[in-house]
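In what follows, chains carry the letters A, B, and so on, assigned in the order in which the sequence lines appear, proteins first and then strands, with residues in each chain numbered from 1. Everything quoted here is computed from the prediction, not taken from an experiment. Because only heavy atoms are used, hydrogens play no part in the values below, and waters and symmetry mates are left out as well, while side chains stay in.
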Amino acid sequence: MTLPALPPNAIRLAYLVASVLFIVGIKQLSSPKSARNGNLFASVGMLIAVVATLLDRQILSYTTILAGIALGGVIGTVAARRVSMTAMPQMVALFNGSGGGAAAIVSSLEFLRFSRMGADVPPDAGVSILLGALIGAISFTGSIIAFGKLQGIVTERAVTYPLQKPLNLLLFLGILGLSAWLVATGQPNAIVYSWFAAAALLLGVLFVIPIGGGDMPVVISLLNSFTGLATAATGFSLHNYVLIISGTLVGASGTLLTYLMCKAMNRPITNVLFGAFGAVAKAAGPAGASDRAGAMAGKTVRDVTVEDAATMLAYARSVIVIPGYGLAVAQAQHNVRELADLLKVKGVDVKYAIHPVAGRMPGHMNVLLAEANVPYEELYDLDTVNPEFERADVALIIGANDVINPAARNDSQSPIYGMPILDADKARHIIIMKRSMKPGFAGIENELFYDPKAMMLFGDAKDSVTKLVAAVKSL
Amino acid sequence: MIELLLTDFTIFILAIFVGYEVISKVPVILHTPLMSGTNAIHGIVVVGAMLVANTSEGVFVAVLGFCAVVLGTINVIGGFLVTDRMLQMFASKTPGARRP
């Protein structure tokens, strides 16, 4: 099968159009009104770039390419359509890993080309090949581990072992050494390259494994910008502008986005990546934990029955709902909206307080509630809603934990100290719906549960909300 | 050769600034869709995969090239579709299109 070949300049123009569409697309993605159009623009840009490449006369056989596009298209479509909104973060991680893997393979094939020709690798080609392969490989395995952690296949906890940092550093230095040798000698040595690639893949695993599940969104965002940079590096080795522009665009915007996410959690990026969340809690352990356990030992948790909770809600003037990841896992967002609708009929003012990192990615909770048709204007962000808590009769906390933990305000020893939280403790009554007393993602105790105003309603979120709905109806 | 590299480098540096400027102010609610959308854009690496996949030099290269095209396409198609699914949910709730 042959297609008519486009002249190289036409292809370059097509790439330029694609690059512009990507830039405009990202720009529009950053505003709620135009976001969907932005995504559409970018995908049209992608289509133009891919079609133009198909018509490149460098391409001799279409069978492999078209078969690959068909297979990848089917996998991508099925995965994107089937995934539930709660599993979105790990899906993005997998898609990101695919891109990283592709970049690593493209770089490796470029290296192999020199190897087959028996030609020396010029230093500039060497550097861009090795960078593309290294960053792509880290992004590939790192994303898979991030996926595993969010999916529960790999432990969510930060995995730590003795000499972890020195060993990682050693591995990194080893990679640098092999790279330096490859670039300096210019020898297209496939065996040395294989060692380099294997070490890069391993580094991706070791890089992500000590980071706790709660920080995965930041990690995925960072790996997203890594894949962008890896793509840009492949653009350098192929001297392809659309690859350089789009890869760099994602690399830069992804880095900024990662920074913005960290800022929303009020934590420096270094602390997220190298702080080993779990380990900090442990380090503060012997003294800190026992102190806290002691402080909590004397206090008891108060239970509330579904009927009492329903009465409190139905006769309140204003209720603020604080949804957390527990709500999402239980798929209770539709039931919560039903409850809110019932309460509104009874004249209760219902607001939703959305913490920036509620759910598992920034903005994740908004997506989940939007899915359940919760009106956009009932969602309030942290700064708007916090002053409202003083006037609220009931703060209804559904499967949220760390985002309402007063330790972020009071306990300078706490790993979440300094993170902005929702001031649920200022409400007149606090109803906390939770499966058990288990600590949240950050793995720390929550003193709010022991607050005299707080009442616990234990059970699966969906189950409890359904019972609440029935109880409110029968009032 | 150095000229080619310099052009690449110029484009690279300018793209950094564009990438930075283009998302200076993003509301938190759009962080997830934006991450997912930019994620789809680096799927452009599929173009690189297509260019190296054709070299018709042995089974090993063909298989690797095929894998790269598959992975790149998953990134592109999956990324755009999943982003659209997320944004679709916001679309009907934007103040301009309030429900009756």
Evaluate the side chain to side chain contact (heavy atoms under 4.5 Å, CB included) criterion for residues A:M46 and B:V47: first the C-alpha distance (whole Å), next the side-chain angles of each, then the deciding distance (0.1 Å), finally the verdict. CA-CA 9 Å; A:M46 189 65 74; B:V47 163; 5.8 Å; no
Say you draw a straight line from CG of A:L257 to OG1 of B:T32; how long is it, rounded to the nearest 0.5 Å? 8.5 Å
Examine whether an atom of A:N224 lies under 4.5 Å from a heavy atom of chain B, and if so say whether it belongs to the side chain, the backbone or both; otherwise answer neither. both
Heavy-atom cut-off 4.5 Å, strictly under: side chain, backbone, both or neither for A:T258 against chain B? neither
A:L238 portion near chain B, given a 4.5 angstrom heavy-atom threshold: side chain
Do B:V61 and A:R116 make a side-chain contact, defined as non-hydrogen atoms from C-beta onward lying under 4.5 Å apart? yes
Counting heavy-atom pairs under 4.5 angstrom with chain A, the leader among B:T7, B:V70, B:I2 is B:V70
Would you mind telling me which of A:I245, A:D124, A:I69, A:L71 has the largest number of heavy-atom pairs within less than 4.5 Å of chain B? A:I69
Side chain from CB out, backbone as N, CA, C, O: work out which of these in A:V83 comes under 4.5 Å of a heavy atom of chain B, or both, or neither. both
What's the verdict on side chain to side chain contact (heavy atoms under 4.5 Å, CB included) for A:T234 and B:V45, showing C-alpha distance, side-chain angles and the deciding distance? CA-CA 8 Å; A:T234 62; B:V45 71; 4.1 Å; yes
Under 4.5 Å heavy-atom distance to chain A, tell me which part of B:V46 shows up: side chain, backbone, both or neither. side chain
Engaged part of A:A67 at the chain B interface, taking heavy atoms whose separation is under 4.5 Å: both
Between A:L109 and chain B, which part of the residue has a heavy atom less than 4.5 Å away: side chain, backbone, both or neither? side chain
Suppose we screen for salt bridge (Lys or Arg N to Asp or Glu O under 4.0 Å). Which residues come up paired with B:D84, at least two apart in sequence or across chains? A:R36
Please classify the contact between A:A103 and chain B as side chain, backbone, both or neither, with a heavy-atom cut-off of under 4.5 Å. both
Which residue in the set B:L30, B:I23, B:L87 passes side-chain contact (heavy atoms from CB on, under 4.5 Å) when paired with A:L29? B:L87
Chain B contacts, top residue of A:I220, A:N240, A:L379, A:V50 (heavy-atom pairs, under 4.5 Å): A:V50
Output the distance between atom CG (A:L243) and atom CG (B:L51), rounded to the nearest 0.5 Å. 7.5 Å
To the closest 0.5 Å, what do you measure between CG (B:L71) and CD1 (A:I105)? 5.0 Å
Could you tell me which of A:L223, A:I23, A:T231 has the largest number of non-hydrogen atom pairs under 4.5 Å with chain B? A:T231
Starting at OG of A:S253, measure out to NE2 of B:H42 and round the result to the nearest 0.5 Å. 9.5 Å
Who among A:V74, A:V92, A:D381 has the most heavy-atom pairs with chain B under 4.5 Å? A:V92
Chain A heavy atoms under 4.5 Å from B:V76: which part of the residue, side chain, backbone, both or neither? side chain
Using heavy-atom distances under 4.5 Å, tell me whether A:L112 contacts chain B through its side chain, its backbone, both, or neither. side chain
Could you measure the distance from the NZ atom of A:K27 to the CD atom of B:E21? Nearest 0.5 Å is fine. 8.0 Å
Looking only at A:M85, A:M88, A:E110, most heavy-atom pairs under 4.5 Å shared with chain B are made by A:M85
For a side-chain contact (heavy atoms from CB on, under 4.5 Å) with A:I75, tell me which candidate from B:I77, B:T73, B:I74 qualifies. B:I74
Side chain / backbone / both / neither for B:F60 at chain A, heavy atoms under 4.5 Å: side chain
Please classify the contact between A:N39 and chain B as side chain, backbone, both or neither, with a heavy-atom cut-off of under 4.5 Å. both
Where does A:M365 contact chain B at under 4.5 Å (heavy atoms): side chain, backbone, both or neither? neither
What distance do B:I11 atom CD1 and A:H239 atom NE2 have between them, rounded to the nearest 0.5 Å? 11.5 Å
Name the region of A:P89, side chain, backbone, both or neither, that has any atom closer than 4.5 Å to a heavy atom of chain B. neither
Under a 4.5 Å heavy-atom cut-off, does chain B meet the side chain of A:T77, its backbone, both or neither? both
